[in-house]
S.K.: 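To start, I am sharing the structure in question, which I have written as structure tokens.
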Amino acid sequence: MEDRKFPYIALEGLNGAGKSTLRNSLEESFWALGMNVYTIGQHSWQSPGAARVILDIKERRREHPPERVQLAYLDDRRAQGEHILVRALREVPVIGDRSFVSDIVYLQALDGIAAAETFALYRRYEVPLPDLIVHVDVPPETALANLGKRERHRKPHENPRQMRDLADAYESVLWGSAVDGLPPVLRYRPAIAADGTSYSNPEDDIAARVFASLGLGH
């Protein structure tokens with residue numbers, strides 16, 4: 001990844017926080033600079049074995065030993081770097097709607113696997129990291145209110161208790177002392193409407209803050 005020519009930005013936060021809305025806004029800001037942009041999700045799904053384990057964990061289908069879970073996430077993360085990121089970053093900026101941060105946060109909050117332990121494994125195998133992480137930070141209640149407006153079934157963890165656990169894990173990992181050696185992080189707090197849902201805050205030009213952090217014009 002040493003020969004990357006363009007930045008890699010990761011958007012992080014709870015389901016329903018507003019990451020997709022921010023991703024669309026950042027895409028438009030890059031286009032305004034005359035730059036195309038490539039977006040990726042959390043997983044590569046390049047390894048069938050790893051995909052089966054990850055889906056088992058995400059959908060609570062069945063349990064696996066912690067070591068097997070970590071290796072599945074590692075396998076998927078390395079495949080994303082080798083088959084997607086290494087090529088894309090030679091040509092365009094990349095925006096990740098989730099990244100390795102979601103791996104270590106969700107495994108800690110929902111499966112009891114320490115974030116520092118998983119991150120150390122990733123660093124040992126040189127998993128590529130983003131140049132900048134943007135934490136879309138809303139209260140769990142707001143994220144759940146946003147999810148309530150979507151026409152889809154709730155995921156197993158989309159309940160008040162586990163969403164609070166995830167919010168606490170994000171705070172500990174990104175802003176506390178749980179993990180050392182993370183890339184730079186920006187906190188973005190969308191405004192909250194009277195009904196508890198979030199919306200873009202016009203007073204906070206997050207695109208300008210992102211571009212300033214990356215040394216890009218805006």
Side-chain angles (χ1 to χ4, degrees), residues 1-15 19 23 37-135 157 165-166 168-186 213-214:
M1 294 290 289
E2 289 79 5
D3 62 346
R4 70 170 78 175
K5 295 181 180 180
F6 294 92
Y8 168 29
I9 306 156
L11 310 183
E12 284 293 343
L14 301 172
N15 287 358
K19 295 182 301 299
R23 181 195 67 212
V37 63
Y38 187 76
T39 61
I40 60 173
Q42 180 179 358
H43 299 292
S44 71
W45 307 121
Q46 298 290 311
S47 168
R52 282 194 295 270
V53 173
I54 292 170
L55 288 173
D56 282 345
I57 296 301
K58 283 181 172 291
E59 301 299 329
R60 302 296 154 186
R61 296 173 179 173
R62 58 179 174 176
E63 295 183 356
H64 293 273
E67 296 80 5
R68 180 71 187 95
V69 174
Q70 285 179 311
L71 289 175
Y73 275 79
L74 173 66
D75 190 15
D76 181 79
R77 185 63 54 193
R78 293 182 72 192
Q80 186 184 67
E82 294 170 5
H83 298 295
I84 301 173
L85 283 172
V86 72
R87 299 176 182 178
L89 287 171
R90 292 173 183 157
E91 300 180 12
V92 292
V94 172
I95 299 176
D97 193 338
R98 296 198 178 279
S99 68
F100 81 96
V101 175
S102 287
D103 298 354
I104 67 178
V105 164
Y106 276 69
L107 289 180
Q108 174 170 293
L110 303 182
D111 298 282
I113 302 173
E117 182 182 316
T118 306
F119 185 59
L121 180 68
Y122 282 12
R123 299 311 298 135
R124 190 179 314 144
Y125 286 91
E126 299 183 339
V127 166
L129 303 181
D131 298 291
L132 180 69
I133 300 166
V134 181
H135 179 199
H157 66 271
D165 290 343
L166 286 164
D168 291 344
Y170 268 114
E171 190 69 22
S172 174
V173 167
L174 294 179
W175 303 103
S177 57
V179 175
D180 293 324
L182 292 177
V185 186
L186 290 179
S213 295
L214 297 171

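Source: prediction; values computed, not measured.
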S.K.: Any side-chain heavy atom of L107 sitting closer than 4.5 Å to one from E117?
M.R.: no
S.K.: Once side chain to side chain contact (heavy atoms under 4.5 Å, CB included) is applied, do any residues pair with E59, and if so which ones, sequence neighbours excluded?
M.R.: R61, P156
S.K.: Between T118 and Y73, is the side chain to side chain contact (heavy atoms under 4.5 Å, CB included) condition met? List the steps.
M.R.: CA-CA 9 Å; T118 306; Y73 275 79; 5.7 Å; no
S.K.: Is it true that a side-chain atom of R98 and a backbone atom of G13 form a donor plus acceptor pair closer than 3.5 Å?
M.R.: yes
S.K.: When rounded to the nearest 0.5 angstrom, what distance separates CD1 in I54 from CG in D103?
M.R.: 7.5 Å
S.K.: Between atom OH of Y106 and atom CG of L166, what is the distance when rounded to the nearest 0.5 Å?
M.R.: 5.0 Å
S.K.: Using salt bridge (Lys or Arg N to Asp or Glu O under 4.0 Å), reason through D111 and K58 one step at a time and then give a plain yes or no.
M.R.: CA-CA 10 Å; D111 298 282; K58 283 181 172 291; over 6 Å; no
S.K.: For P128 versus G81, what's the shortest heavy-atom pair and its separation?
M.R.: CG-CA, 3.7 Å
S.K.: Look at atom CZ of R52 and say whether more than 12 heavy atoms of other residues, nucleotides or ligands are closer to it than 6.0 Å.
M.R.: no
S.K.: Apply side chain to side chain contact (heavy atoms under 4.5 Å, CB included) to the pair D180 and F119, showing each step before the final yes or no.
M.R.: CA-CA 9 Å; D180 293 324; F119 185 59; over 6 Å; no
S.K.: When rounded to the nearest 0.5 angstrom, what distance separates CD1 in I95 from CG in L11?
M.R.: 6.5 Å
S.K.: In this structure, which one of Q42, H43, E12 forms a side chain to side chain donor-acceptor pair (under 3.5 Å) with S102?
M.R.: E12
S.K.: Would a distance-only check, ignoring hydrogens and angles, find a side-chain to backbone donor-acceptor pair under 3.5 Å from D97 to G41?
M.R.: no
S.K.: A side-chain contact here means heavy atoms from C-beta on lying under 4.5 Å apart; do L132 and P184 qualify?
M.R.: yes
S.K.: Nearest 0.5 angstrom please: S47 OG to L74 CG, how far?
M.R.: 10.5 Å
S.K.: Of all the heavy-atom pairs spanning P183 and I133, show the shortest one and how long it is.
M.R.: CD-CD1, 3.8 Å
S.K.: Testing the basics here: between L129 and F100, what is the closest heavy-atom pair and its distance to 0.1 Å?
M.R.: CD2-CE2, 3.8 Å
S.K.: Quick one, H157 with L14, criterion side chain to side chain contact (heavy atoms under 4.5 Å, CB included). Give me CA distance, side-chain angles, the key distance, then yes/no.
M.R.: CA-CA 11 Å; H157 66 271; L14 301 172; over 6 Å; no
S.K.: Here's a test for you: under side-chain contact (heavy atoms from CB on, under 4.5 Å), which of V53, D56, I57 qualifies with R62?
M.R.: D56
S.K.: Please report the interatomic distance CD(E67) to CG(L71), rounded to the nearest 0.5 Å.
M.R.: 8.0 Å
S.K.: For A88 and Y38, which heavy atoms make the closest approach, and how far apart are they?
M.R.: CB-CD2, 4.0 Å
S.K.: Looking only at heavy atoms, what is the nearest atom pair of L89 and P7, with distance?
M.R.: CD2-O, 3.5 Å
S.K.: As an exercise, state the distance from CD1 of I40 to CG of L85, rounded to the nearest 0.5 Å.
M.R.: 4.5 Å
S.K.: Start with the C-alpha gap between Q46 and E82, add the side-chain angles, then the distance that decides, and say whether side chain to side chain donor-acceptor pair (under 3.5 Å) holds.
M.R.: CA-CA 10 Å; Q46 298 290 311; E82 294 170 5; over 6 Å; no
S.K.: Please test V134 against K19 for side chain to side chain contact (heavy atoms under 4.5 Å, CB included), starting from the C-alpha separation and ending with a verdict.
M.R.: CA-CA 9 Å; V134 181; K19 295 182 301 299; over 6 Å; no
S.K.: What heavy-atom pair brings F6 and R90 nearest, and what distance separates the two atoms?
M.R.: CE1-O, 3.7 Å
